[in-house]
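Index from 1, following the sequence.
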Amino acid sequence: DILAQISNPKIIAGDFNAVRWSHTLDRVIASSDTNIVNGTRWSLKLWSKLLLPIDHILISDDLYINDISVGDDLGSDHLPILSKIVY
């Protein structure tokens, strides 16, 4: 209910601890009236070789992504997602 009350433009980004095809992420998208920025970004490092796509960017319809990529390892277990968002 709280997500539906936020006015546009909306940017919700970060570690959702959920892959794109999860029911949990679908519920956040539906309740916030946002869209996920398409593309799978392998951003969580496990055991230094396995990567999982659990970091996402959600945006409202009045925004669009001009560029998106996964950045260099900065020492976290998550790789940064770099994005240019246009309003």
Side-chain angles (χ1 to χ4, degrees):
D1 292 339
I2 293 171
L3 293 175
Q5 296 174 22
I6 300 171
S7 60
N8 286 356
K10 292 179 201 166
I11 301 170
I12 305 171
D15 175 6
F16 286 83
N17 281 325
V19 292
R20 171 58 192 104
W21 50 91
S22 74
H23 177 67
T24 301
L25 195 54
D26 286 340
R27 288 180 59 204
V28 172
I29 291 167
S31 66
S32 65
D33 193 27
T34 57
N35 302 297
I36 191 163
V37 174
N38 289 325
T40 302
R41 284 163 289 283
W42 303 94
S43 56
L44 174 67
K45 299 181 299 176
L46 296 176
W47 305 292
S48 75
K49 297 210 185 248
L50 176 65
L51 294 172
L52 294 175
I54 63 169
D55 300 294
H56 306 284
I57 299 174
L58 311 177
I59 57 174
S60 53
D61 286 338
D62 47 352
L63 300 172
Y64 70 92
I65 298 295
N66 192 21
D67 185 36
I68 190 165
S69 62
V70 175
D72 295 331
D73 186 345
L74 299 174
S76 171
D77 58 342
H78 292 259
L79 298 173
I81 296 178
L82 308 170
S83 180
K84 293 180 184 174
I85 299 172
V86 179
Y87 179 61

Is it true that I36 and I11 fall in one hydrophobic cluster, defined by side-chain heavy atoms closer than 4.5 Å? no

Rounded to the nearest 0.5 angstrom, the OG-CG distance for S76 and D15 is 9.0 Å

dist I12:CD1 -> T34:OG1 (nearest 0.5 Å) comes out at 4.5 Å

Student check: side-chain heavy atoms of Y87 and L63 closer than 4.5 Å = yes

hydrophobic_cluster_shared for L58 and I2, side chain cutoff 4.5 Å: no

- Task: Establish whether F16 and I29 are linked, either directly or via other cluster members, by ILVMFWY side-chain heavy-atom contacts under 4.5 Å.
- Result: yes

For a side chain to side chain contact (heavy atoms under 4.5 Å, CB included) check, start with the C-alpha distance between N35 and D61, then their side-chain angles and the critical distance, and finish with the verdict. CA-CA 7 Å; N35 302 297; D61 286 338; 2.5 Å; yes

Note: K10 and S32 closest approach over all heavy atoms is NZ-O, 2.5 Å

To the nearest 0.5 Å, atom CG of L25 lies from atom CG of N17 at 11.0 Å

Can you find a pair of side-chain heavy atoms, one from I65 and one from I85, that are under 4.5 Å apart? yes

Taking every heavy atom of P9 against every heavy atom of S60, the minimum-distance pair comes out as CA-OG, 3.5 Å

Which of L79, L82, I81 passes side chain to side chain contact (heavy atoms under 4.5 Å, CB included) with S69? Answer is L82

Crowding at CG, D72 (>12 non-hydrogen neighbours, <6.0 Å): no

task: Look at the side chain of H78 and the backbone N and O of G14, then say whether any donor-acceptor pair between them is shorter than 3.5 Å.
output: no

Under a 4.5 Å cut-off applied to non-hydrogen side-chain atoms, are R20 and D26 in contact?
-> yes

- Do the side chains of I68 and V86 join up, straight or via other hydrophobic residues, at under 4.5 Å, putting them in one cluster? no

